Structures are given as structure tokens and as C-alpha cells.
Amino acid sequence: MKFDAVVIGGGLAGLSCAISLAEQGLRPAVVSAGQSALFFSSGSLDLLARLPDGTPVASPPEALAALAQQAPHHPYSLLGAREVMARAAQAQALLARCDIALVGRPAQNHLRVTPLGTRRATWLSPREVPVTPWDGALPWQKVVIVGIEGFLDFEASIVAASLAAEQGLAAGTACLRLPALDRLRANPSEFRAVNIARVLDLPESFPALAAELSRLAGDAQCLILPACIGLDSPEPLERLRAAVDRPIYLLPTLPPSLLGMRLYQALRQRLNRLGGVFMPGDRVLKAQFDGRRIVSVTTRNHADIPLRARQVVLAGGSFFSNGLATNRERVYEPVFGLDVHSHADRDAWSRADFFVPQPYLQYGVKTDNRLRALLGGEPIENLYAVGAVLGGYDPLSQGCGAGVSLVSALHAAGRIALSLEENHEPAL
Ligand SMILES: Cc1cc2nc3c(=O)[nH]c(=O)nc-3n(C[C@H](O)[C@H](O)[C@H](O)COP(=O)(O)OP(=O)(O)OC[C@H]3O[C@@H](n4cnc5c(N)ncnc54)[C@H](O)[C@@H]3O)c2cc1C
């Protein structure tokens, strides 16, 4: 099997890279071993929320010079501010072509309401999530936070208390009780956001759900629920908003996350429509080289038929997705054995205080400033590393996880398209 590019990993980085390649007329194949971080994500996409020294970032482009000084190995610092902002804008346009409805813009962070009722800076948020401008407030005085009877992954009283304390809202709580959910509730391990949405999204659930939400709303100006509505599209929520005649917003829940899964589905559908190949449940095990070029990769399911590729993109994610691994002695990248940022001393990998930035979150693959992965200090000519497998940044404390994934993925796709065009190689 021959492809213009083989992408290793089908999370946000791998899928957006493959979509961009396919949009540029190339033939990508994505090999993806398991579920990605999208299934666990809030659905909001961070670009840069804080500098390493803790300074909050209102405007990512204005903070990139300081970031380059404080974190010279950060993927944004390697790429340079102009490239980062150009790719971020491209990424936003790509997501729109995937029919993903998001609010926000790269030049200015907004604040999204978290499942704890606090606010957190981010770049793009699903339309269903309540957000405020950077220096603004929610537009209501009285809201009701609606929990779902028996659903343990969302605590309405915590959200209400935070909204009252931090934003001065009159925030009440209510509990949604629907007979339609009784069977599911009888099995607590199955009573999760996605399964609840499968019931609430049914057309036959709609009249009782709309009537109950109208009753619970009372004279509140807005309802806020856990994200358990609209698994396949925003349409069920839009119909409820119309029936209840006031805004209804959703907050992300513990995983599996409906808002993150919707992002994944939309990206997969776009890749399918563009004719990209997706190989779920398969894992790239090793690669075959000609000098410093990869000629093919071997996967678990295609052990006898290597996938031949002119370019390869490593988007295997971090430790969470087994894109990086550890043993007692070292941190390593398991497919190619690439150079990684890490500490040799195991005691330096983590800090005892859970609430401070953890060193291991910055571990990952080293690259040159085009994001070509390094092996023995030299780049592999046709291997790009993108997304969470990259080192030099902390997605959690710097609030930049999705941004690094999208920016690096589109940078790699752009470089690949350019290099194949420059070499005048016929498409495989
Ligand atoms: C639990 C969690 C929640 C997060 N929430 C947010 C959020 O709300 N907002 C935000 O901005 N950022 C969030 N992040 C940061 C996140 O890392 C990025 O946003 C982004 O989703 C990472 O995408 P990725 O494609 O690089 O990696 P991943 O999403 O980890 O995907 C990597 C994929 O590669 C596959 N893979 C690994 N090795 C191989 C192999 N050898 N062969 C084939 N496939 C392989 C894995 O199975 C996986 O599917 C979160 C991270 C985690 C861990």
C-alpha cells in the first residue's frame, strides 16, 4: 500500500494534518491505535492561556515573544510567531469546513465556564458552552443549574456556588427527573454523559424533557446543564432552546466527553469525505529506512505489507496515548526511538506538590525548527512530529494543548505539500 503521507495517530493533531493534506490534493493514510485525548477533552481548544512564569495571556500573539524567551524549546518558539498565528487562523478555517461550530478567535482569548463554575482562558469553545469576553461577565442575573438525578459526573451545587461567588449571579439548582432515564439509571456504571445523551436525543424523549426544563426554569433567564444532549449534532439543544424559550448552555462532564467526541466525529467525517484512509485499531510498530529517510512503516495488522510513504507524520500523543513511554530508567518514544526532552534523573520527572507544573508534562520528541523529528541529534528527512508527542511545553499549565496540536499539524501538512510539489514527484 502506497500513500503520499502516513500519519501515525488519529487524534486532533493527526486528523487535522491528514485533512489538510487531503484538502491539498494528497493521499494520506491515518493509522490510529486507540481513543485519543479528544474523548476526554472539554471541547474547548486552548491556544496559549498562560506563560511559563504564570502570567495570564489575554492575547496569544502579543505573548509569543515572551514565550520564546521563557520557553525556547516550545513548538511555538521553534516555529516563530508569524507562522504560529498564520497556522492558527488556518486551523480555525479548517474546523469551520468540518462544520464544527465554535466561538473565539486566535488574537484574543475568551473565558469559558468550567464544570466547577469557575472560568478558564481559551481560544475556541463550542457554541453550547457559556463563555464571557476576557474582561466581561455572563449576560444574565438569574440562572438555574440543572443536574440529572443519579448522574454523579456533574455537581450542580458547586457550579452554582462558584457562579454566585465569582460573578454575583443568583444561581439556583434543580434536578432533572425523567422516567425515560430510569432504565439506564438502574445501572450506575452505564449512567454516563454519552449514554444519557443517547436517550435524551431520542425524538420520543423531547416532549417530556422540554416540559420538565420549562418547569425547572421558573423565572430564570438561562439554564445550564451537563453536556448530555446533542451527541451527534447541536440540533437537539437548538430545538430545546426554542421550546423552553430561553438560552440553555452545556458544561463539559467527566469523560467520555460528548463535546470532545463531537469534534472527533466531525473531523473523521471530513477526512472520509475527502477520501483519506483511516485505519482504526491498528498500531505502527516500526519503520524501514533508506539512510535518513523512512521508506515504509509496519503496522500490527499489516505485518506482511508495509505501508509505503513519501512522508511520515508522528502524531501519537503523549504518555496518555502511548505516544511516549517510560520504564524505570528512561523516557522514550517507542516507534522510532527518537531524541526526547526529559531528565535523566528519575526523581526529577515529577514534583511532590500535585498543584505545581509537573516536569514530565514537558517531555516529548525533539525536533528542528521545521518540526522534523531528531534522531541522534539530526533530523529524519521525511518525519514530522506534531501534537502532544512534542516536547518543550506544558499543555496543562500553559493552556496550549489543542493549539500546539493544530498549529504543528498544519505546519507539517504545509511543509509536506510544498516538498512534494518542489520535488515534482508524481503522486503515488
Ligand atoms: C485527558 C486530556 C484532556 C485534555 N483536554 C484538553 C482540552 O479540553 N482542551 C485542550 O486544548 N487540550 C486538552 N488536552 C491536551 C491535548 O493533548 C491536546 O488538546 C490534543 O487533543 C492532543 O492531540 P494529539 O492528536 O496530539 O494526541 P492524542 O489525542 O493523544 O492522540 C494520539 C493518538 O495516537 C494514537 N497512537 C499512539 N501511538 C500510536 C502508534 N504507534 N500507532 C498508531 N496510533 C498510535 C493513540 O491511540 C491516539 O489515538 C487534553 C489532554 C488530555 C490528556
Side-chain angles (χ1 to χ4, degrees), residues 6-19 29-49 60 75 88 91 95 102 104 109 112 114-115 120-126 129 227 251-261 263-264 267-268 278-287 297-302 307 312-325 332-338 358 360-361 364-365 371 384-391 393-409 412:
V6 166
V7 180
I8 304 170
L12 181 63
L15 281 169
S16 55
C17 183
I19 289 169
V30 179
V31 184
S32 195
Q35 281 187 346
S36 72
L38 282 176
F39 286 72
F40 301 79
S41 104
S42 63
S44 286
L45 305 174
D46 303 339
L47 186 56
L48 181 63
L95 294 167
L102 298 163
N109 280 331
R112 67 175 171 93
T114 71
R120 189 182 153 94
T122 192
W123 165 31
L124 296 168
S125 289
V129 171
L251 293 181
T253 63
L254 289 179
S257 159
L258 178 145
L259 296 167
M261 284 172 67
L263 271 173
Y264 172 78
L267 292 165
R268 278 286 312 269
F278 192 84
M279 303 179 182
D282 200 359
R283 175 175 288 279
V284 172
L285 301 175
K286 59 182 180 181
V297 298
T298 302
T299 76
R300 191 176 50 203
N301 296 352
H302 298 94
L307 307 183
V312 180
V313 179
L314 177 62
S318 189
F319 302 104
F320 182 77
S321 294
N322 299 318
L324 297 173
Y332 62 99
E333 182 287 308
V335 179
F336 304 96
L338 298 168
Q358 295 293 332
Y360 72 86
L361 285 173
V365 166
L371 302 187
Y384 290 86
V386 301
V389 78
L390 288 169
Y393 75 104
D394 178 340
L396 199 61
S397 70
Q398 295 163 5
C400 61
V404 167
S405 290
L406 288 162
V407 164
S408 60

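We count ligands from 1, going down the list as the structure has it; atoms in each ligand are counted the same way. Not measured: the values here are computed from a predicted model.
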Undergrad: If you measure from each non-hydrogen atom of Val335 to ligand 1, which part falls under 4.0 Å: side chain, backbone, both or neither?
TA: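 It is the side chain that gets close, since no backbone atom is under 4.0 Å.
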Undergrad: Is the shortest side-chain heavy-atom distance between Leu338 and Val389 below 4.5 Å?
TA: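 No, their side chains stay 4.5 Å or more apart.
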Undergrad: Taking N or O atoms only and a 3.5 Å limit, does Ala13 qualify as a polar contact for ligand 1?
TA: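 Yes, Ala13 has an N/O under 3.5 Å of an N/O on ligand 1.
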Undergrad: Give a yes/no verdict on whether any heavy atom in Asp282 is under 4.0 Å from an atom of ligand 1.
TA: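 It does; at least one heavy atom falls under 4.0 Å.
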Undergrad: How close does the nearest protein non-hydrogen atom get to atom 40 (C) of ligand 1, and which residue and atom is it?
TA: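 Result: Ile8 CG2, 3.6 Å.
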Undergrad: Among Ala37, Gly316, Pro252, which one has a heavy atom closest to atom 36 (N) of ligand 1?
TA: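 The nearest heavy atom belongs to Gly316.
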Undergrad: Hey, does Ser125 have a side-chain heavy atom less than 4.5 Å from the side chain of Leu102?
TA: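 Sidechains of Ser125 and Leu102: no contact.
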Undergrad: Under 4.5 Å between any side-chain heavy atoms of Val31 and Ile8, yes or no?
TA: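 Answer no - side chains too far apart.
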Undergrad: Who's closest to atom 9 (N) of ligand 1 heavy-atom-wise, of Ala385, Ser44, Ser32?
TA: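 Result: the heavy atom closest to atom 9 (N) of ligand 1 is in Ser44.
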Undergrad: Of the choices Gly14, Ala315, Ser42, which has the non-hydrogen atom that lies closest to atom 33 (C) of ligand 1?
TA: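 It is Ala315 that holds the nearest heavy atom.
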Undergrad: State the atoms of ligand 1, each with its element, that fall below the 4.0 Å cut-off from a heavy-atom position in Arg283.
TA: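 Counting atoms of ligand 1 from 1, those under 4.0 Å from Arg283 are 38 (N), 39 (C), 40 (C), 41 (N), 42 (N), 43 (C).
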Undergrad: Can an N or O of Ser321 be found at a distance shorter than 3.5 Å from an N or O of ligand 1?
TA: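 Yes - when backbone and side-chain N and O of Ser321 are compared with those of ligand 1, one distance drops under 3.5 Å.
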Undergrad: Among all protein heavy atoms, pick the one closest to atom 43 (C) of ligand 1 and tell me residue, atom and distance.
TA: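 Here the closest protein heavy atom is Val31 O, 3.3 Å.
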